[in-house]
Amino acid sequence: MKKKNIINSILQNTRMPEGFFGRIILRGMNKGHASLSRWGLSQIEWKSDWTILDIGCGGGANLKRMADFCPQGKIYGIDISSESVKFARKEIKKLLNTRCFISQGNVMNLPYEKGTFDLITAFETVYFWPDLPRCFREIWRTLKPGGTILICNESNGDSDKDEKWTEIIGGMTIYSGDELKTFLENAGFCNVQIHKNKMGWLCVTGQKREE
């Protein structure tokens, strides 16, 4: 296989990691997104007993980070990719099925009861969600009143470089902070805040209104 075809095969696995190339992507995500994740998580005021869901949990590195932030809490991960689920379970094996629980599933139909989570996170994954309004309504449903959503992306929709990625990776849409804010507010979220840093990274947070 030519080098260009190999690179293309690897990049296509960013949407739904599968097989050998999927495992390469997952290892790369765990390392390459570490700084982005730490920056995004710094936007949150943490409580030690939270129940948290990470949607599109990928290689599981963020599950480990959030478990450290919430030593009395429980951390859930969900991913549409079976390869990601297997990889993440190995990554957090010491916490698996005690404080950390990982399932395969779709953000459009989250398999959790209403008002389950204090915090729901999405790192580098909303690009690939097929129906953003429906996905945000599902997140709103499963958050507790007063709960928080955190979205964190390397691409913020304001750069000419973004178009290059959407041309290369099938099914990818890059949203600006203002677009995400509008989607969140339409889904019922309040106190939506947009954060950017000098790297151009984007973090958007919002809250489910207290009852």
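Remember, it's a predicted structure, so these values are computed and weren't measured experimentally.
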Original post:
From Glu210 CD over to Cys190 SG, what is the distance, rounded to the nearest 0.5 angstrom?
Top reply: 8.5 Å
Original post:
Is the backbone of Cys70 close enough, under 3.5 Å, to the side chain of Arg99 for a donor and an acceptor to pair up by distance?
Top reply: yes
Original post:
Is it the case that Arg134 and Asn109 place a side-chain donor and acceptor less than 3.5 Å from each other?
Top reply: yes
Original post:
Hey, does His195 have a side-chain heavy atom less than 4.5 Å from the side chain of Trp39?
Top reply: yes
**OP:** Answer yes or no: is there a donor N or O on one side and an acceptor on the other, between the side chain of Gln43 and the main chain of Gly40, under 3.5 Å?
**Re:** no
Original post:
Heavy-atom count around Glu113 CD within 6.0 Å, excluding the residue itself: above 12?
Top reply: no
Original post:
Does the Trp129 side chain pair with the main chain of Phe136, one donor and one acceptor, at a distance under 3.5 Å?
Top reply: no
Subject >> Residue pair Lys86, Lys90: steps toward the side chain to side chain contact (heavy atoms under 4.5 Å, CB included) verdict >> reply: CA-CA 7 Å; Lys86 288 188 291 185; Lys90 290 179 181 178; 5.5 Å; no
Subject >> Flag, side chain of Thr116 to backbone of Tyr112, donor-acceptor distance under 3.5 Å >> reply: no
**OP:** State which residues pass side chain to side chain donor-acceptor pair (under 3.5 Å) with Glu154; sequence neighbours excluded, sorted by chain then number.
**Re:** none
**OP:** Identify the heavy atoms of Gly200 and Asn156 that sit nearest to each other, and give their distance.
**Re:** O-ND2, 2.8 Å
Original post:
Do Tyr127 and Tyr175 pass the ring-ring contact (aromatic ring centres under 6.0 Å, His included) test, and can you show the C-alpha distance, the side-chain angles, and the key distance before you say yes or no?
Top reply: CA-CA 7 Å; Tyr127 310 127; Tyr175 301 95; 8.0 Å; no
Original post:
Picking from Leu184, Thr125, Leu202, what satisfies side-chain contact (heavy atoms from CB on, under 4.5 Å) with Ile151?
Top reply: Leu184
Subject >> Transitive ILVMFWY side-chain link Leu63 to Phe69, under 4.5 Å >> reply: yes
Original post:
If we only count heavy atoms from C-beta on, is the Met29 to Glu124 side-chain gap below 4.5 Å?
Top reply: no
Original post:
If you round to the nearest 0.5 Å, how far is CD1 of Ile174 from CG of Leu180?
Top reply: 11.0 Å
Subject >> Check: Ile102 and Cys57 side chains under 4.5 Å, non-hydrogen atoms >> reply: yes
**OP:** Please name the pair of heavy atoms, one in Arg65 and one in Ser37, separated by the smallest distance, quoted to 0.1 Å.
**Re:** NH1-CB, 3.8 Å
Subject >> Nearest-0.5 Å distance, SG of residue Cys203 to CG of residue Leu36 >> reply: 8.5 Å
Original post:
How many angstroms lie between CZ in Phe183 and CG in Leu132, if you round to the nearest 0.5 Å?
Top reply: 5.0 Å
Subject >> With Glu138 via side chain to side chain contact (heavy atoms under 4.5 Å, CB included) - residues at least two apart >> reply: Leu110, Arg141
Original post:
Under a 4.5 Å cut-off applied to non-hydrogen side-chain atoms, are Trp46 and Leu41 in contact?
Top reply: yes
Original post:
Just by distance, do the side chain of Lys208 and the backbone of Trp140 share a donor-acceptor pair under 3.5 Å?
Top reply: yes
Subject >> Check: Asp79 main-chain N/O paired with Gln104 side-chain donor or acceptor under 3.5 Å >> reply: no
Original post:
Are Leu150 and Val192 joined in one hydrophobic group, where the rule is that I, L, V, M, F, W and Y side chains link up if heavy atoms are under 4.5 Å apart?
Top reply: no
Subject >> Arg27 and Asn30: side chain donor to acceptor below 3.5 Å >> reply: no
Subject >> In one Ile/Leu/Val/Met/Phe/Trp/Tyr side-chain cluster, 4.5 Å: Phe189, Ile52 >> reply: no
Original post:
Which pairs with one or both residues in residues 198-207 pass side chain to side chain donor-acceptor pair (under 3.5 Å), sequence neighbours excluded?
Top reply: Asn191-Gln207
**OP:** Report yes if some heavy atom in the side chain of Ile139 is under 4.5 Å from a heavy atom in the side chain of Leu143; otherwise report no.
**Re:** yes
Subject >> Rounded distance [0.5 Å steps], CG in Asn197 versus OG in Ser35 >> reply: 10.0 Å
Original post:
Do you reckon Val204 sits in the same ILVMFWY cluster as Leu119, going by side-chain contacts under 4.5 Å, direct or chained?
Top reply: no
Original post:
Under 4.5 Å between any side-chain heavy atoms of Phe123 and His33, yes or no?
Top reply: no
Original post:
Can you tell me how far the CE atom of Met66 sits from the SG atom of Cys100, to the nearest 0.5 Å?
Top reply: 8.5 Å
Original post:
Are Val107 and Phe101 co-members of a hydrophobic cluster defined by side-chain heavy atoms under 4.5 Å apart?
Top reply: yes
**OP:** Apply the test side chain to side chain contact (heavy atoms under 4.5 Å, CB included) to residues Ile75 and Asp54: give CA-CA distance (whole Å), side-chain angles for both, the deciding distance (0.1 Å), then the verdict.
**Re:** CA-CA 8 Å; Ile75 316 298; Asp54 185 32; 5.7 Å; no
Original post:
Is the closest side-chain heavy-atom distance between Leu26 and Glu83 below 4.5 Å?
Top reply: yes
Original post:
Is any side-chain heavy atom of Asn62 closer than 4.5 Å to a side-chain heavy atom of Thr121?
Top reply: no
**OP:** Mark yes when over 12 heavy atoms from residues, nucleotides or ligands other than Met108 sit less than 6.0 Å from its CE; otherwise mark no.
**Re:** yes
Original post:
Closest approach of Gly60 and Ile92, non-hydrogen atoms and distance?
Top reply: O-CG2, 3.8 Å
